[in-house]
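This one's a predicted model, so the numbers in the text were calculated from it and none came from an experiment.
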Amino acid sequence: MRQPYGTFLRGKARTILLPMLLWNAIAILLVGAAATFGNLKAPTPSSIGWTINELVPLVHANDINVQMPFLRDLFVAMMIAPLLVRASSRWLAVVSIIVVAWSVSGVHVPLLLRPQILLFFTAGIAARRFGVPEAVARWPVALCALPFVVLIAPRLWTALLGNVFFDAHPHAMAAFDIVFRLASAVLFWRVAWALAGSRCAEGLRGIERYGFLAFCDHLVLLWLFGPVIGLVTGALGAGLYPAYLLVQPLLVFAVTIGLGRALMAVSPTAARVLSGGRLGR
């Protein structure tokens, strides 16, 4: 709303696309090297097409840094953001309905690899427009948790049934996934409001700037160091493995903070680029 379209896109390319490209290249280099010259069972470059798609997920998700298509789709959403923020509420609803139908249908259109991202993008615009954040902040935490608690049981049940159930009911599971994610978003949004007004808010703000870096590096760290830790905890299904899963986020964030501080000490420019502008200033 406040800057020319070209300036807006250049800024988003610098803070979204460039870090995605660099971290995908780092993943190919480090994980591919560990798989080629070590004992790591991981994807390695098999063709020029695979490598290009791994750098810029064009037609399907990455094989190594599997969550990077989020940044790709986020940039696509940013490209149309100036239209969405100016659109009427009726048009926002039309876009949301189309994206829901697209997500549930399972039709693969490479414009977006995860259409749900655009759905939540438009939902965020609508939420701001109608004052939903302030309303959620006034709701009791228990009320916000109720839909999540109700839906978590069938979600766990379907997970235990495995891929056979998902493959047999793809449309129903896609629709359920949207509802479950909305319920999760409301709960964690309310928790975030509570934390923002608590005594730990200042400490959380101090580490929040490492969040984007953790998003980009965490799968690379898990590829490289997860098998090493697995030698202690055992493989998936071993007695200590659940404990490892629980401490994974803490381990990743601790390493990420160390990595971020090292980058800022050695090269503030590299820290700024790899963190999407969050570090190095």
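For the side-chain hydrogen bond (donor to acceptor under 3.5 Å, both in side chains) test, no residue two or more places apart in sequence or in another chain qualifies with T15.
The backbone N or O of N24 lies less than 3.5 Å from no partner atom in the side chain of N65, so there is not a single donor-acceptor pair. Judged purely by atom type and a 3.5 angstrom limit, D217 has no side-chain atom pairing as donor or acceptor with the backbone of T256. With hydrogens and angles ignored, the 3.5 Å screen pairs a side-chain donor or acceptor of W23 with a backbone N or O of L274. With hydrogens and angles ignored, the 3.5 Å screen pairs a side-chain donor or acceptor of Y5 with a backbone N or O of M79. Checking side-chain atoms of W223 against main-chain N and O of I64 turns up a donor-acceptor pair under 3.5 Å. Using a distance-only test at 3.5 Å, with no hydrogens or angles considered, no donor-acceptor pair links the side chain of D177 to the main chain of M173. R190 contributes a side-chain N or O that, together with a main-chain N or O of W139, makes up a donor-acceptor pair within less than 3.5 Å. A distance-only check finds no donor-acceptor pair linking the side chain of T36 to the backbone of A33 [under 3.5 Å]. In this structure, R90 contributes its side chain and S88 its backbone to no donor-acceptor pair below 3.5 Å. The main-chain N or O of G106 is never found under 3.5 Å from a side-chain atom of H171 such that the two would form a donor-acceptor pair.
The CG atom of L74 sits 4.0 Å away from atom CD1 of I16, with the distance rounded to the nearest 0.5 Å.
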Donor-acceptor pairs under 3.5 angstrom involving side-chain atoms of residues 143-161: please list them, not counting sequence neighbours.
residue: T158; atom: OG1; partner: P154; partner atom: O; Å: 3.1
residue: T158; atom: OG1; partner: R155; partner atom: O; Å: 2.8

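Sorted by first then second residue, the salt bridge (charged side-chain N to carboxylate O under 4.0 Å, His left out) pairs that include residues 59-86, not counting sequence neighbours, number zero.
Between T122 and S96, the side chains place a donor N or O and an acceptor N or O closer than 3.5 Å (distance only, hydrogens not considered).
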Please test L55 against M20 for side chain to side chain contact (heavy atoms under 4.5 Å, CB included), starting from the C-alpha separation and ending with a verdict. CA-CA 8 Å; L55 281 171; M20 181 193 74; over 6 Å; no
For side chain to side chain contact (heavy atoms under 4.5 Å, CB included), just list the numbers for V99 and L112, CA-CA rounded to whole Å, side-chain angles, deciding distance to a tenth of an Å, and then say yes or no. CA-CA 10 Å; V99 175; L112 289 171; 5.8 Å; no
Could you go step by step and tell me if L251 and I229 meet the side chain to side chain contact (heavy atoms under 4.5 Å, CB included) rule? CA-CA 11 Å; L251 292 174; I229 299 175; 4.0 Å; yes
Could you check I178 against S103 for side chain to side chain contact (heavy atoms under 4.5 Å, CB included), going step by step and ending with a plain yes or no? CA-CA 9 Å; I178 292 175; S103 300; 3.9 Å; yes
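Under 4.0 Å is where a charged nitrogen must lie from a carboxylate oxygen, and between R205 and E208 no such pair does.
Within 6.0 Å of CG in N39 there are 12 or fewer heavy atoms belonging to other residues, nucleotides or ligands.
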